[in-house]
Colleague: 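Below you'll find the structure I mean.
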Amino acid sequence: MDLADADYRLPVPMKDIPSLGPQKILNGEVHNWYRIVLGYSDHLVGQILDRFDIKPGQKVIDPFCGTGTTLVECMKRGIDCVGVDANPSSCFSAHVKTNWSLKNKRLLELLEEIELKQNLYLRRKVAYKQDPTYKYLEDAGMIRRGWISPEPLRKALAIKSSIVNLATSKPYKNALMLALIAEVITGSSNVKFGPELYCGPAKLDSDVFSGFAKRVQAMAKDLLVVSSIASGKATVIEGDVRECDELFNSHALGPYAAVICSPPYPAEHDYTRNARLELAFLELVKDRRTLRSIKHNMIRSNTKNIYKEDTDSAYVDGHSKINEIAAELDLRIASKTHSFARLYPTVIREYFGGMKRHLLSLKNFLVDGAKCAYVVGDQSCYLQVHIPTAEILSSIAQEIGFKTLEIKQWRSRRSTATSKEIAENILFLQK
Ligand SMILES: C[S@@+](CC[C@H](N)C(=O)[O-])C[C@H]1O[C@@H](n2cnc3c(N)ncnc32)[C@H](O)[C@@H]1O
């Protein structure tokens, strides 16, 4: 879930959702391989699956799948599922987390090989500077700005090269890379999340290999557990869910009995910024152009991904509540000089227009009566104007033929802009 505009350190009890039955596997297996600060809890997904009474044989979609929380939870229950995300690094982690065919013994053998290889790489003092990840981080100024200190970076790149040069198949290399990026982000780099990414005190050195090794060992242990269950099948697709027709026709997917997701909220959260180190390590971003093309595929939820050619706002032209919020923002920005503030009304219109396009294009792939859960938060980060996200999405969904079953508050957060409690809701819809 998107926690922008909130103090994410608040204890956040899950409210109102009745306890609906146990998960099959309770210890966070697989989920912990890699999580993002804006991801939601596997338990919430389990509760929604119970509420919808989804059984094996039915298909679930998470159109904003992030690191695959919904997919992993469906698989644990033997339910087939599809996840889509516009961010290739999220797709990478969702993909790895839903491949349970790897042999745990083989993974541990490879870990031993990496230990030997990385020692050789570490002796070659300058070789790592030729690595595309190093070059990108250097060119983008991220080393200078302290995202990661030179010594941990050198060690992480030695592990990366060792993985790349293993004589093994891609799925094993991918699993090992996921363990490496998880270790880089949470153990060896200087980045912190509050929930926006910032650079904390520099870690001048770090035992990258032992952190990495612990993660691979935990992964191997989880693989042993999940290999014993009759899991569902998961498919991960990279793309823009405002264009489901294009995305799904070619994959011949659906129809879906349920949608479970947490889309971006209209807030100043830049998903690509939070994933910049991952994107660099996976060599998915090598320059500004590739970064921009990823942003371009995303719902317009912040002022850093608004483009001249955007037209999603046309989908919500006549929506009175959106117009009212945009008019209020127009009024409040009149006295502001900083240029980003001038884009606030545009973000609101583009965001809800994009979400309408998404709902319209997804609808054709849902069975009649399909149930949908959209986890979204209200916002007030734009000049303290209150944005009742679930309420507006509900009215948009009704315009295009969905029925609103309920807007359920599942927790509240304290806004950093207003110090007031604001709601985080689950919008339950039915086709
Ligand atoms: C709040 S996160 C979802 C987190 C996920 N539930 C998890 O547990 O990891 C929202 C996701 O929506 C994705 N996204 C934004 N715009 C998108 C679009 N147009 N199409 C597909 N995915 C998009 C972002 O990349 C981000 O991963």
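Model, not experiment: these values are computed from the prediction. By convention here, the first residue in the shown sequence is residue 1. Read the numbers this way: they start at 1 and go in the same order the structure lists the ligands and their atoms. Just so you know, these numbers use all the heavy atoms, side chains as well, and skip hydrogens, waters and symmetry mates.
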Colleague: So which pairs with a foot in residues 277-286 pass side-chain hydrogen bond (donor to acceptor under 3.5 Å, both in side chains), sequence neighbours left out?
Modeller: Y34-E278, K160-E283
Colleague: Just which atoms of ligand 1 are under 4.0 Å from any heavy atom in V241?
Modeller: 18 (C), 19 (N), 20 (N), 21 (C)
Colleague: Need the ligand 1 atom indices (1-based, order shown) with element for anything under 4.0 Å from a heavy-atom of L38.
Modeller: 1 (C), 4 (C)
Colleague: Side chain, backbone, both or neither: which part of T70 comes within less than 4.0 Å of ligand 1 when only heavy atoms are counted?
Modeller: neither
Colleague: Hey, which atoms in ligand 1 end up nearer than 4.0 Å to a heavy atom of C65?
Modeller: 5 (C), 7 (C), 9 (O)
Colleague: Go through ligand 1 atom by atom and flag the ones less than 4.0 Å from a non-hydrogen atom of S90.
Modeller: 27 (O)
Colleague: Is there any N or O on T67 that sits under 3.5 Å from an N or O of ligand 1?
Modeller: yes
Colleague: Of A86, G39, G83, which has the heavy atom at the shortest distance from atom 22 (N) of ligand 1?
Modeller: A86
Colleague: State whether F428 and R51 meet the cation-pi test: NZ (Lys) or CZ (Arg) under 6.0 Å from the six-membered ring centroid, and within 45° of the perpendicular axis.
Modeller: yes
Colleague: With a cut-off of 4.0 Å, which atoms of ligand 1 are near a heavy atom of S262?
Modeller: 1 (C), 2 (S), 3 (C), 10 (C)
Colleague: Is the shortest side-chain heavy-atom distance between C65 and I237 below 4.5 Å?
Modeller: no
Colleague: Could you tell me which atoms of ligand 1, counted from 1 in the order shown, lie closer than 4.0 angstrom to a heavy atom of T69?
Modeller: 7 (C), 8 (O), 9 (O)
Colleague: Considering only heavy atoms, which of V375, D85, I294, V84 lies nearest to atom 27 (O) of ligand 1?
Modeller: D85
Colleague: Atoms of ligand 1 less than 4.0 Å from P63 heavy atoms?
Modeller: 21 (C), 22 (N)
Colleague: Give the C-alpha distance, both sets of side-chain angles, the deciding distance and a yes or no for salt bridge (Lys or Arg N to Asp or Glu O under 4.0 Å) between D50 and R77.
Modeller: CA-CA 10 Å; D50 285 337; R77 290 163 180 248; 2.8 Å; yes
Colleague: Only counting residues at least two apart or in another chain, list the ones meeting salt bridge (Lys or Arg N to Asp or Glu O under 4.0 Å) with K356.
Modeller: E399
Colleague: Out of Y265, F64, Y34, who is nearest to atom 3 (C) of ligand 1 when you count heavy atoms only?
Modeller: F64
Colleague: Considering G239, C91, S89 one by one, which has a heavy atom nearer to atom 21 (C) of ligand 1 than any of the others?
Modeller: G239
Colleague: Regarding S169 and R106, do their side chains bring together a donor and an acceptor under 3.5 Å, going by distance alone?
Modeller: no
Colleague: If you measure every N or O of Y271 against every N or O of ligand 1, does any of those distances drop under 3.5 Å?
Modeller: no
Colleague: Which option, N297, D62, T272, owns the non-hydrogen atom nearest atom 18 (C) of ligand 1?
Modeller: N297
